[in-house]
Amino acid sequence: MSYLTHFSRVIHKARTEAGYTQQEVADGVSISLRWYQCIEEKARKPSAEVMMKILVFLKIDISVFEEDFKLVYPANKKIPEWKHKQSKT
């Protein structure tokens, strides 16, 4: 399965489980409804910015896509778990 197919399935599942309409997600990430529908239907590939906005809006953990890219990490290196902590103001 291509990453685009997987992305489309994941965002559809996340959106429906969260109870959002396509219009609400489109509005939330500042794109048109039709553009969002094209992304969810695999008719269009989103830009990196739009993809990130959708992932953040739907609170999707990007590690679900790790197998799609078949990354090769250097041997003898520990890949750190990085979590950004927001400062409280």
Side-chain angles (χ1 to χ4, degrees):
M1 169 182 349
S2 75
Y3 85 88
L4 190 55
T5 298
H6 190 200
F7 180 75
S8 297
R9 288 180 182 175
V10 168
I11 65 172
H12 177 266
K13 183 178 182 199
R15 177 183 62 77
T16 56
E17 286 181 3
Y20 289 122
T21 64
Q22 290 179 330
Q23 184 69 65
E24 289 169 325
V25 177
D27 290 346
V29 300
S30 303
I31 60 175
S32 71
L33 171 60
R34 186 67 196 125
W35 181 241
Y36 181 80
Q37 290 169 331
C38 286
I39 294 168
E40 201 171 278
E41 295 165 4
K42 301 177 296 197
R44 289 292 183 78
K45 183 166 66 171
S47 67
E49 179 181 356
V50 170
M51 185 179 282
M52 290 297 295
K53 284 181 175 182
I54 292 170
L55 292 171
V56 170
F57 184 86
L58 293 173
K59 299 191 181 335
I60 296 170
D61 181 349
I62 63 168
S63 67
V64 301
F65 303 104
E66 192 167 353
E67 289 185 19
D68 295 335
F69 297 102
K70 304 197 182 352
L71 303 174
V72 179
Y73 295 101
N76 305 327
K77 298 280 184 181
K78 181 179 179 198
I79 307 301
E81 293 287 325
W82 187 79
K83 303 232 188 250
H84 176 70
K85 294 182 181 179
Q86 292 181 332
S87 61
K88 295 180 182 179
T89 54

- [ ] Kindly write out the residues that satisfy side chain to side chain donor-acceptor pair (under 3.5 Å) with S47, not counting sequence neighbours, or none if the list is empty.
- [x] none
Open item on the list: I'd like to check the salt bridge (Lys or Arg N to Asp or Glu O under 4.0 Å) partners of R44; sequence neighbours left out, ordered by chain and number.
Closed with: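 In terms of salt bridge (Lys or Arg N to Asp or Glu O under 4.0 Å), with neighbours along the sequence ignored, R44 is linked to no residue.
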Task: Minimum-distance pair of heavy atoms, taken over all atoms of A26 and S32 - done: CB-O, 3.7 Å
- [ ] Using the rule that two of Ile, Leu, Val, Met, Phe, Trp, Tyr join whenever any of their side-chain heavy atoms come within less than 4.5 Å, decide whether Y3 and I62 are in one cluster.
- [x] yes
Task: Common cluster, Y20/V50, ILVMFWY with side-chain heavy-atom separation under 4.5 Å - done: yes
Residues 51-60, side-chain donor-acceptor partners within the protein, below 3.5 Å, at least two apart:
| unit_1 | atom_1 | unit_2 | atom_2 | d |
| --- | --- | --- | --- | --- |
| K53 | NZ | E49 | OE2 | 3.4 |

Open item on the list: Between S8 (side chain only) and I39 (backbone N and O only), is there a donor and an acceptor less than 3.5 Å apart?
Closed with: yes
- [ ] Check the surroundings of atom CD in Q37: do more than 12 heavy atoms from other residues, nucleotides or ligands lie under 6.0 Å from it?
- [x] yes
TODO: Mind checking the OG1-NZ spacing from T5 to K42? Nearest 0.5 Å is all I need.
DONE: 4.5 Å
Task: Residue pairs fulfilling salt bridge (Lys or Arg N to Asp or Glu O under 4.0 Å) with at least one residue in residues 15-31, sequence neighbours excluded - done: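 Qualifying pairs: K13-E17, R15-E40.
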Open item on the list: According to ring pair (Phe, Tyr, Trp, His ring centres under 6.0 Å), does anything in residues 32-55 pair up with another residue at least two apart or in another chain? List the pairs.
Closed with: none
